[in-house]
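To keep things clear, I will list the structure first and then write my remarks on it.
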2 protein chains.
Amino acid sequence: MPERKPRADAARNREAVLEAADRLIANRDRPAQVTMADIAAAAGVGKGTLFRGFGDRTGLIHALFEARLEPVRQAVTEGPHPLGPATPPRERALALLDALLCFKLDHRHLSLALEEAGSDSPYGAAHYDWWHGTLSGVLERLPGFTGSDFAAHALLAAVRADLVDHLTGRRNLSRERLRAQLADFAGRVLGGPASDGTADGAEPTSGTGNR
Amino acid sequence: MPERKPRADAARNREAVLEAADRLIANRDRPAQVTMADIAAAAGVGKGTLFRGFGDRTGLIHALFEARLEPVRQAVTEGPHPLGPATPPRERALALLDALLCFKLDHRHLSLALEEAGSDSPYGAAHYDWWHGTLSGVLERLPGFTGSDFAAHALLAAVRADLVDHLTGRRNLSRERLRAQLADFAGRVLGGPASDGTADGAEPTSGTGNR
DNA sequence: GCTTAAGCGGACCCTCGGTCCGTATAGTCG
DNA sequence: CGACTATACGGACCGAGGGTCCGCTTAAGC
């Protein structure tokens, strides 16, 4: 499988498409309002190029999501303290959830677009399996913790994009309050030190709380 | 607002449509595969009738869902022991979640259809607010329990149709094992009596575990 | 420069949600 | 029982948008 590298213009166009899609999705409030034709036009390419490069709409969204998620993934698999593998399980589990929540907050529209990408539910996408595997692996290392497989699913469900969107949008919950609530909830699930002080947790794990 | 009652044939057709939709959705494995034209044909009416009676696709799904959910709702608001209002909070919260899970298992395709009904996310549908209000109200009555609003959202997220579908479908988790896992997880969130014996919980609350 | 195959792009197709309006009939009143 | 009307019916029709196709363009190797 030689896997010859693509032509230069193809690579350039691919970038342009991802960039255009990101911009458009971020600006419209319903991701479904962004059509493939829109993206093609904004990227200055033809529709054919979109579909050749990404297969279909779902493929494009996935590619975009993966690209934006890459840094976080990196930080988790080989990064420093809070997220990295060296952190003790309880703390790391909390850090993972917080990082994922922050990511969804920072890329609200993109995450929404991904989840409503029709076809196959969020579950079954590569990145979900990765998150679930990572998180349940961490939970497993908690002494005396059982049912880590389901628990990981349930905890991940608590940060699903549409729920996050609902809470911060419709219900006007601030970013910091939401992070604190999640930390509180997750802490309860993990057991151990019941509450780590007050429930403010304004800066539990900086992680990807930037941008 | 006199609210004059509809003509007899209209009522009959409405029933036929709901029935046809239910059957079709239950039999195809992707709910999206069922088109409005399909439903109209199966019900023996014209498309116009569908849209006049339900507004749009989302409206039809909602109406169907509400109709099927009605018994459960009844059991919760004025039913007997496990689900009814007389049950002490901790037990009732567990019963509510189990009943909802069973409902989603029994009406897998319908629940999926509802969640992917496009337009507005699950959140914002009347029935969700009802579940959330009910559950968080119950949690509130647990002595020393905090963050019941978010906790209710998170617990409900753990029984979302697509997750349930993923676990029982792709992952071949049996109904009873799933119920036990959920009970275990929820029990941990609620605190109190850590584990009520083993984690089997084969028949925590019969409730709507029938059909 | 010449060759060639990877890449391009937009006209085109098809499905599907949703609308419209001429026709049919349930319900009512004389 | 016949006339009248509001209500409902239903399928032809429309527009949007995802996805395809194929003749043209152009990067890249010689």
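Note that the structure is predicted; figures quoted are calculated from it, not measured. By convention in this document, chain letters (A, B, ...) are assigned in the order of the sequence lines, proteins followed by strands, and residues within each chain are numbered from 1. Side-chain atoms are counted along with the backbone in the values below, which use heavy atoms only and exclude waters and symmetry mates.
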Tabulate protein N/O versus nucleotide N/O from nucleotides 28-30 of chain D, keeping only pairs under 3.5 Å, one per line.
from   : atom 1 : to     : atom 2 : distance (Å)
D/dA28 : OP1    : A/Ala8 : N      : 3.1

Heavy-atom closest pair, residues B/Thr87 and B/Pro82: OG1-O, 3.2 Å
Please list, pair by pair, any protein nitrogen or oxygen found under 3.5 Å from a nitrogen or oxygen in nucleotides 14-18 of chain C.
from   : atom 1 : to      : atom 2 : distance (Å)
C/dG17 : OP1    : B/Arg57 : NH1    : 3.2
C/dG17 : OP2    : B/Met36 : N      : 3.0
C/dG17 : N7     : B/Lys47 : NZ     : 3.4
C/dG18 : OP2    : B/Arg57 : N      : 2.9
C/dG18 : N7     : B/Lys47 : NZ     : 3.0
C/dG18 : O6     : B/Lys47 : NZ     : 2.3

Would you list the pairs meeting salt bridge (Lys or Arg N to Asp or Glu O under 4.0 Å) in which at least one residue belongs to residues 157-172 of chain B, sequence neighbours left out? A/Asp149-B/Arg171, A/Arg160-B/Asp162, A/Asp162-B/Arg160, B/Arg108-B/Asp165, B/Glu115-B/Arg160
Could you work out, with ring pair (Phe, Tyr, Trp, His ring centres under 6.0 Å) as the rule, every residue matching A/Phe145, not counting sequence neighbours? none
Distance criterion of 3.5 Å, no angle test: do you see the side chain of A/Arg14 paired donor-to-acceptor with the base of C/dG7? no
In whole angstroms, the gap separating C1' of D/dG19 from CD1 of A/Ile61 amounts to 15 Å
Does a nitrogen or oxygen in the side chain of B/Thr49 sit under 4.0 Å from OP1 or OP2 of D/dA8? no
Apply salt bridge (Lys or Arg N to Asp or Glu O under 4.0 Å) to B/Arg12 and B/Glu15, showing your working. CA-CA 5 Å; B/Arg12 205 178 335 116; B/Glu15 266 320 295; over 6 Å; no
With sequence neighbours excluded, what pairs up with A/Glu19 under the side chain to side chain contact (heavy atoms under 4.5 Å, CB included) test? A/Arg23
Does a side-chain N or O of B/Asn13 approach OP1 or OP2 of D/dA8 to a distance below 4.0 Å, or not? no
Give me each pair satisfying ring-ring contact (aromatic ring centres under 6.0 Å, His included) with a member in residues 65-87 of chain A, each pair once, sequence neighbours excluded. A/Phe65-A/Phe103, A/Phe65-A/His127
Assign the ring pair B/Tyr128 / B/His153 to parallel, tilted or perpendicular, where the plane angle (0 to 90°) is split at 30° and 60°. parallel
Starting at CZ of B/Phe54 and ending at P of D/dA8, how long is that distance when rounded to a whole Å? 13 Å
N/O contacts under 3.5 Å, protein versus nucleotides 2-5 of chain D?
none

Donor-acceptor check, side chain of B/His62 to backbone of B/Thr58, threshold 3.5 angstrom: yes or no? yes
Tell me, please, which residues at least two apart from A/Val138 pass side chain to side chain contact (heavy atoms under 4.5 Å, CB included). A/Pro89, A/Arg92, A/Ala93, A/Leu96
For A/Glu66, side chain to side chain donor-acceptor pair (under 3.5 Å) partners two or more places apart: A/Arg73
Residues in ring pair (Phe, Tyr, Trp, His ring centres under 6.0 Å) contact with B/Phe54, at least two apart in sequence or another chain: none
Taking only residues at least two apart or on different chains, which pairs with a member in residues 40-59 of chain A satisfy salt bridge (Lys or Arg N to Asp or Glu O under 4.0 Å)? none
Between the first and last five pairs of the helix from C/dG1-D/dC30 to C/dG30-D/dC1, the angle of the axes, rounded to 10 degrees: 10°
As an exercise, state the distance from CG of B/Leu97 to CZ of B/Phe185, rounded to the nearest 0.5 Å. 10.0 Å
Tell me the interatomic distance from B/Ile39, atom CD1, to D/dG10, atom P, rounded to whole angstroms. 15 Å
Taking atom C1' of D/dC9 as reference, at what distance in whole Å does atom CZ of B/Arg12 sit? 12 Å
